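Predicted model only: the values in this text are computed from it and were never measured. We count residues from 1, following the sequence as given.
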Amino acid sequence: LPSQKQKAAMTVQQGRPVSGRTWKAPEKARSSSLKMRARSRTPSSWEKRVVEREAKKTMRRTEADMLESRKLRLAESKRKREEKKAKAQRNEFKSSTYQVITKEKTMKSLSKKQMRAVKRTRVSKEGNVELVDAYAPTLGDSRPFSPKKRRGGR
């Protein structure tokens with residue numbers, strides 16, 4: 001049997017934790033050793049679960065409706081925006097005054113800055129005539145239109 005002194009030596013003195021986390025209470029038992037009590041399945045709890053399930057279903061339905069209405073709103077605003085842009089382009093084309101440049105030499109002699117001011121017409125996929133930049137690609141062509149042709153094998 002251990003003496004009184006030996007008992008005192010065996011018990012660990014509780015002071016400040018080594019980690020410095022003074023707010024943490026010391027562990028009394030491992031969580032794995034705790035026994036879990038089985039939940040009682042009373043009719044009242046079953047009714048509660050049915051009600052909760054119905055509430056969740058209605059919430060999901062309202063969520064889906066809200067998402068659908070938002071998608072419709074966004075699609076409508078996109079359609080209006082595109083219509084407005086198309087109308088603006090048509091009006092710009094109608095109100096524009098232009099000078100036709102037929103000589104290739106004139107186009108070649110223009111600087112880059114001057115070329116930015118030059119617009120050319122092209123037919124869109126919808127069949128509308130639209131004004132585009134001089135360097136804009138032609139429809140069906142992946143590379144941009146180049147009014148300045150290269151000479152020779154340079």
Side-chain angles (χ1 to χ4, degrees), residues 15-154:
R16 237 174 107 224
V18 178
S19 63
R21 294 176 178 149
T22 53
W23 62 89
K24 290 196 118 185
E27 188 180 283
K28 288 181 179 70
R30 297 246 176 230
S31 59
S32 59
S33 68
L34 295 172
K35 299 262 196 237
M36 299 300 283
R37 277 188 278 134
R39 283 189 285 167
S40 61
R41 298 228 183 263
T42 58
S44 62
S45 70
W46 170 253
E47 288 163 8
K48 271 187 201 172
R49 283 173 52 209
V50 169
V51 169
E52 283 173 10
R53 194 176 294 148
E54 286 300 317
K56 277 185 183 178
K57 276 185 183 177
T58 54
M59 189 168 63
R60 280 198 204 105
R61 272 193 229 109
T62 53
E63 246 179 52
D65 291 343
M66 287 169 72
L67 277 170
E68 190 62 34
S69 65
R70 183 171 187 268
K71 280 182 184 176
L72 288 171
R73 268 199 328 267
L74 289 172
E76 183 65 24
S77 64
K78 184 181 179 182
R79 187 185 59 78
K80 282 183 180 177
R81 197 169 46 245
E82 285 172 353
E83 281 178 6
K84 195 176 178 182
K85 190 178 178 182
K87 186 179 177 185
Q89 279 182 341
R90 283 195 304 272
N91 290 340
E92 182 191 358
F93 185 69
K94 282 180 193 172
S95 66
S96 64
T97 56
Y98 53 88
Q99 177 187 355
V100 181
I101 303 171
T102 53
K103 293 181 182 176
E104 227 180 276
K105 190 178 178 185
T106 312
M107 291 294 284
K108 285 180 183 176
S109 65
L110 294 175
S111 68
K112 247 188 176 179
K113 200 170 195 179
Q114 290 168 324
M115 283 299 292
R116 283 193 200 108
V118 173
K119 298 276 185 192
R120 64 187 180 93
T121 57
R122 78 169 176 200
V123 179
S124 67
K125 289 177 183 174
E126 294 85 35
N128 302 326
V129 179
E130 56 185 9
L131 287 173
V132 291
D133 294 331
Y135 291 111
T138 54
L139 290 174
D141 194 10
S142 59
R143 54 195 166 82
F145 172 76
S146 179
K148 296 187 178 186
K149 293 181 181 173
R150 292 186 145 206
R151 291 188 212 133
R154 284 191 224 171

> What's the spacing between T58 OG1 and E63 CD if we round to 0.5 Å?
Replying inline: 10.5 Å
> From S19 OG over to K24 NZ, what is the distance, rounded to the nearest 0.5 angstrom?
Replying inline: 7.5 Å
Could you tell me which residues satisfy side-chain contact (heavy atoms from CB on, under 4.5 Å) with [X], sequence neighbours excluded, listed by chain and number?
| X | answer |
| --- | --- |
| T22 | R16, P17 |
| K71 | none |
| T106 | I101, K103 |

Tell me, do [X] and [Y] make a side-chain contact under 4.5 Å, heavy atoms counted?
| X | Y | answer |
| --- | --- | --- |
| K80 | E76 | yes |
| R73 | S77 | no |
| D133 | R116 | no |

> Taking only residues two or more places apart in sequence, or in another chain, which ones meet E82 in a salt bridge (Lys or Arg N to Asp or Glu O under 4.0 Å)?
Replying inline: none
>> According to salt bridge (Lys or Arg N to Asp or Glu O under 4.0 Å), who are the partners of R122, at least two apart in sequence or on a separate chain?
In response: E130
Give me the atom names and distance for the closest heavy-atom approach of [X] to [Y].
| X | Y | result |
| --- | --- | --- |
| Q114 | S109 | OE1-O, 4.4 Å |
| A134 | M115 | CB-CE, 3.5 Å |
| M59 | T62 | O-OG1, 2.7 Å |

> What's the verdict on side chain to side chain contact (heavy atoms under 4.5 Å, CB included) for R49 and R53, showing C-alpha distance, side-chain angles and the deciding distance?
Replying inline: CA-CA 6 Å; R49 283 173 52 209; R53 194 176 294 148; 4.2 Å; yes
Listing, residues 87-95 side-chain donor-acceptor contacts under 3.5 Å, not counting sequence neighbours, or none:
residue : atom : partner : partner atom : Å
N91     : ND2  : K87     : O            : 3.4
S95     : OG   : N91     : O            : 3.0
S95     : OG   : E92     : O            : 3.4

> By side chain to side chain donor-acceptor pair (under 3.5 Å), which residues pair with E83, not counting sequence neighbours?
Replying inline: R79
